[in-house]
Amino acid sequence: MNELRIARKQLGWGQGRLIAEMRRAAARKGDQLPGDASVKRRIASWENGHSVPDDFYGPLVCEALGKSPVELGLGHLLAQDAQLLDVRYPPTPEDAFRSVDQLWRADLHGYEPLLLSEASQPAWSEASLRWLVAPEPSFPTSSPEGSLRVGLADVDAVKSTSDMFADMDDRFGGDHGRQAVIQYLSRDVAPLLTGQYTEAVGRALFSTVAESTLLAAWMSYDTCHHGLAQRYFLQALRLAQDGDDRRLAGSILSAMSHQATFIGNFVEAATLARAARMGIAGVATPTLMAQFHAMEARALARSGDARGCETALAEAARLLESVNNDDEPEWITYFDQAELAAEAAHCFRDIGKAQKAVSQAENAMSGSHVRSDFFATMVLADAHLAAGEAEEACTIALDALDMGTQLKSKRCAGYLAEFRENLKQLGNAAPVRDFHEQAAEHRLWQDAREVKLPY
């Protein structure tokens, strides 16, 4: 089993470290390994090709190393590989714990079939429907004897750490610290989910881990790992359900709508936004509902439904006028008039109302969210280009490139790729030549050359 030995050594692990990781994997399943000497003999036999891991040890080895059965030469364990790549809404809390832990580990170790996977259209519909018709929270049946005891202090630590990562994501883009987030979730958070806790602590834990997993989903989406991001969104939705946090669950559906619009699935995107509104109607706040209407408007704009788009935007604006931030979840207070203006600018650009897009984009600069301001600036450049103001458009796009110097985001590169495509209609005009010459020195513009537009 040279593949197993190679995988272990690539991580810089000795056999002792592999055994320790296998024990952790076994404990999460409520199982135990025999003594180190016995397991070490087995590993030596596997690595020397004298035997293969059986159905008990094989999944533990794969989980410990973050590799698929195919990568380790364990073809008889392909059922686990299929489970890892499955796109579904987890039916129980235990399934969610197991699935998200497997995703974190495989992601952390760069499992390519997962990183290169595409989003699934049916998965969006299934998830929203299952959440809508089965909204009652569940609770794990039991925890393994001797598992970690978890209290509210542990939950607060996860929340504080995730907030730190969220700030980093906002300033530098999803591709900057994504692996650090996944490592934290895999190493520090996963053991908490299968620990021992009261129901009150458990609900708080599930909600907090749902929010952290939502961050992992956004960061994965920002790096255009769309299949992986979708899987994280689904796990986050299930965790939010079992945390009895319907507002957060609605926000997760809205985030899924955002991704669906970005990759060209406009009908599904509008449906997800509507499901979010319907699902939290009893506990909704004005900001949340405004954000959901804005996501529906984005989807309708891309699909060419100008009337429906403008109706949704008007309703979002009306709702924001009645906001009382004291009643809003802390994580949605970012959605203010500037954010709505940014969404409206996207919409008006997409339905061909360039002057309205310019006006909204000029009102969208927050000054405090680098990536959001980058997006708004690029929409402003697109709108000026559509209005026939090529020189102004190119000047603004260069401002965006200066603004995005520190950003590592394939989504940002995607906006530039779309602008590049729109510039082609101007041929070799002087403003275009000057822009290409100045843009060439920017990393994000270089990254844009490698972006394949989703629609």
Side-chain angles (χ1 to χ4, degrees), residues 165-178 215 217-226 229 255 258-259 261-263 291 294-295 298 301-302 334-350 354 357-386 389-390 392-423 435-436 438-455:
F165 282 129
D167 180 65
M168 183 169 61
D169 168 54
D170 185 45
R171 293 175 59 196
F172 303 115
D175 211 16
H176 176 75
R178 201 184 73 83
L215 173 62
W218 273 113
M219 296 178 84
S220 300
Y221 164 27
D222 203 41
T223 58
C224 291
H225 294 311
H226 289 298
H258 196 292
Q259 183 197 27
T261 294
F262 184 81
I263 60 179
Q291 205 264 351
M295 288 303 98
R298 285 280 295 268
R302 279 294 194 185
Y334 79 93
F335 194 82
D336 54 14
Q337 294 292 346
E339 282 290 326
L340 180 57
E343 302 298 348
H346 280 83
C347 292
F348 287 125
R349 177 199 63 179
D350 295 338
V358 168
S359 176
Q360 292 290 343
E362 288 175 342
N363 293 327
M365 305 302 167
S366 68
S368 57
H369 300 289
V370 177
R371 185 174 47 201
S372 294
D373 285 351
F374 173 90
F375 291 146
T377 304
M378 283 308 306
V379 171
L380 181 60
D382 287 335
H384 277 289
L385 194 61
E389 301 162 352
E392 181 70 9
C394 289
T395 297
I396 292 169
L398 287 171
D399 289 341
L401 283 168
D402 289 336
M403 182 186 302
T405 299
Q406 292 184 297
L407 289 171
K408 295 181 68 176
S409 163
K410 286 188 174 61
R411 222 169 14 121
C412 290
Y415 275 63
L416 289 164
E418 190 167 6
F419 182 74
R420 179 194 61 206
E421 288 299 306
N422 293 334
L423 278 180
F435 171 79
H436 279 290
Q438 295 180 66
E441 64 189 48
H442 290 271
R443 177 181 49 78
L444 266 179
W445 184 251
Q446 296 167 7
D447 292 345
R449 296 173 184 170
E450 302 175 7
V451 172
K452 181 180 178 181
L453 293 174
Y455 42 79

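A pairwise comparison of heavy atoms in Leu340 and Ala294 identifies CD1-CB, 4.2 Å as the closest pair. Minimum heavy-atom separation, Ala361 to Ala345: N-CB, 3.6 Å. Looking at every heavy atom in both residues, Gly174 comes nearest to Asp222 through N-OD2, 2.8 Å. The two residues Lys410 and Cys224 have their closest heavy-atom pair at CB-SG, 3.7 Å. Taking both residues in full, the closest heavy atoms of Arg349 and Arg302 are given as NH2-NH2, 3.2 Å, listed atom of the first, atom of the second, then distance. For Ala381 against Ala393, the heavy-atom pair with the smallest separation is O-CB, 3.3 Å.
Rounded to the nearest 0.5 Å, atoms CZ (Phe348) and OG (Ser359) are 9.0 Å apart. Taking CZ of Arg178 as the reference point, atom OG of Ser409 lies at 12.5 Å (rounded to 0.5 Å). Here OG1 of Thr377 is found 11.0 Å from CG of Asp382. Values are rounded to the nearest 0.5 Å. Atom CG of Leu380 is separated from atom CD of Glu362 by 5.5 Å, given to the nearest 0.5 angstrom. Interatomic distance, Asp336 CG to Gln291 CD, rounded to the nearest 0.5 Å: 12.0 Å.
For Trp445 and Phe419, the ring centers sit 6.0 Å or farther from each other.
Each of Leu444, Val370, Asp175, Asp447 was compared with Cys412 under the side chain to side chain contact (heavy atoms under 4.5 Å, CB included) criterion, and only Leu444 meets it. Checked against Phe262 for a ring-ring contact (aromatic ring centres under 6.0 Å, His included), the options Trp218, Tyr221, Phe375 give a single hit: Tyr221.
Taking Phe172 as the reference, His176 meet the ring pair (Phe, Tyr, Trp, His ring centres under 6.0 Å) condition, with sequence neighbours excluded. Taking the ring pair (Phe, Tyr, Trp, His ring centres under 6.0 Å) definition, one finds that His369 meets it with nothing, sequence neighbours left out.
Between the side chain of Gln446 and the main chain of Ala440, a donor-acceptor pair closer than 3.5 Å is present. With hydrogens and angles disregarded, a donor-acceptor distance shorter than 3.5 Å links the side chain of Arg420 to the backbone of Ala448. Proximity of a side-chain donor or acceptor of Gln259 to a complementary backbone N or O of His226 within less than 3.5 Å is detected.
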Please determine whether side-chain contact (heavy atoms from CB on, under 4.5 Å) holds for the pair Gln360 and Glu343, giving the CA-CA distance in whole Å, both sets of side-chain angles, and the decisive distance to 0.1 Å.
CA-CA 9 Å; Gln360 292 290 343; Glu343 302 298 348; over 6 Å; no
Decide side-chain contact (heavy atoms from CB on, under 4.5 Å) for Leu423 and His436; before the verdict, give the C-alpha distance in whole Å, the side-chain angles of both, and the deciding distance to 0.1 Å.
CA-CA 10 Å; Leu423 278 180; His436 279 290; 4.3 Å; yes
Identify all side-chain donor-acceptor contacts of residues 394-408 below 3.5 Å with residues at least two apart in sequence or on another chain.
residue : atom : partner : partner atom : Å
Thr395  : OG1  : Glu391  : O            : 3.0
Thr405  : OG1  : Asp402  : O            : 2.8

